[in-house]
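Since the structure comes first, as C-alpha cells, the remarks are kept for the end.
Hydrogens, waters and symmetry mates are skipped; everything else that's a heavy atom, side chains included, is used. Residue numbers run from 1 in the order of the sequence given.
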Amino acid sequence: IHQPGIEEDPHDWLGCARNVVIVDDEATTGATGAGLVRALRAWRPGSPFSAHLAVILHWKVSSGLPADLDGVESIAEGRF
C-alpha cells in the first residue's frame, strides 16, 4: 500500500478516514481488496474504519466475502 507523506496528504485524510473504498476493475474472491485493507489496518492500528470494495464486474463465488471487507458494490455481476 502506498503510504503518502505530508506533501501528498497534508490533512492526513488516509490516516483519519472512517470509510475507505478500494476501487478495482473486477473481483472474484475479493482477496486483493481484502489484502489492501489488512495492510491499511496494520499501517494505522487503533484507528478503526469501514472498508468497501467497488468494482465494475463482480464474479460471485460460493466462498462469500472476505471478513476484512464490509461490502462489495458492482455495476455487473456474474457467476462461474
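- The line from CD1 of I22 to CG of L36 is 5.0 Å long, rounded to the nearest 0.5 Å.
- H58 NE2 to E26 CD: the interatomic distance, rounded to the nearest 0.5 Å, is 9.0 Å.
- In terms of heavy atoms, V20 sits closest to F49 at CG2-CD1, 3.6 Å.
- Closest non-hydrogen pair, H52 versus S50, comes out as NE2-OG, 3.1 Å.
- Contact between S74 and A76 at its shortest, heavy atoms only, is OG-O, 3.3 Å.
- Under a cut-off of 6.0 angstrom, the local environment of CD in E77 is crowded, with over 12 non-hydrogen atoms contributed by other residues, nucleotides or ligands.
- The list of side-chain hydrogen bond (donor to acceptor under 3.5 Å, both in side chains) pairs with a residue in residues 30-42, not counting sequence neighbours, reads R38-D68.
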Per-pair distances, 0.1 Å, donor-acceptor, side chain in residues 4-17, under 3.5 Å, sequence neighbours excluded:
unit_1: E8; atom_1: OE1; unit_2: H2; atom_2: NE2; d: 3.3
unit_1: E8; atom_1: OE1; unit_2: G5; atom_2: N; d: 3.1
unit_1: E8; atom_1: OE2; unit_2: H2; atom_2: NE2; d: 3.4
unit_1: D9; atom_1: OD1; unit_2: D12; atom_2: N; d: 3.2
unit_1: D9; atom_1: OD1; unit_2: W13; atom_2: N; d: 2.9
unit_1: D9; atom_1: OD2; unit_2: W13; atom_2: N; d: 3.1
unit_1: D9; atom_1: OD2; unit_2: L14; atom_2: N; d: 3.0
unit_1: D12; atom_1: OD1; unit_2: G15; atom_2: N; d: 3.4

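- A pairwise comparison of heavy atoms in G78 and L57 identifies N-CD1, 4.4 Å as the closest pair.
- Both L69 and W43 belong to a single network of hydrophobic side chains, linked directly or stepwise wherever heavy atoms of I, L, V, M, F, W or Y lie under 4.5 Å apart.
- Of all heavy-atom pairs spanning V55 and A27, the tightest one is CG1-CB, 3.9 Å.
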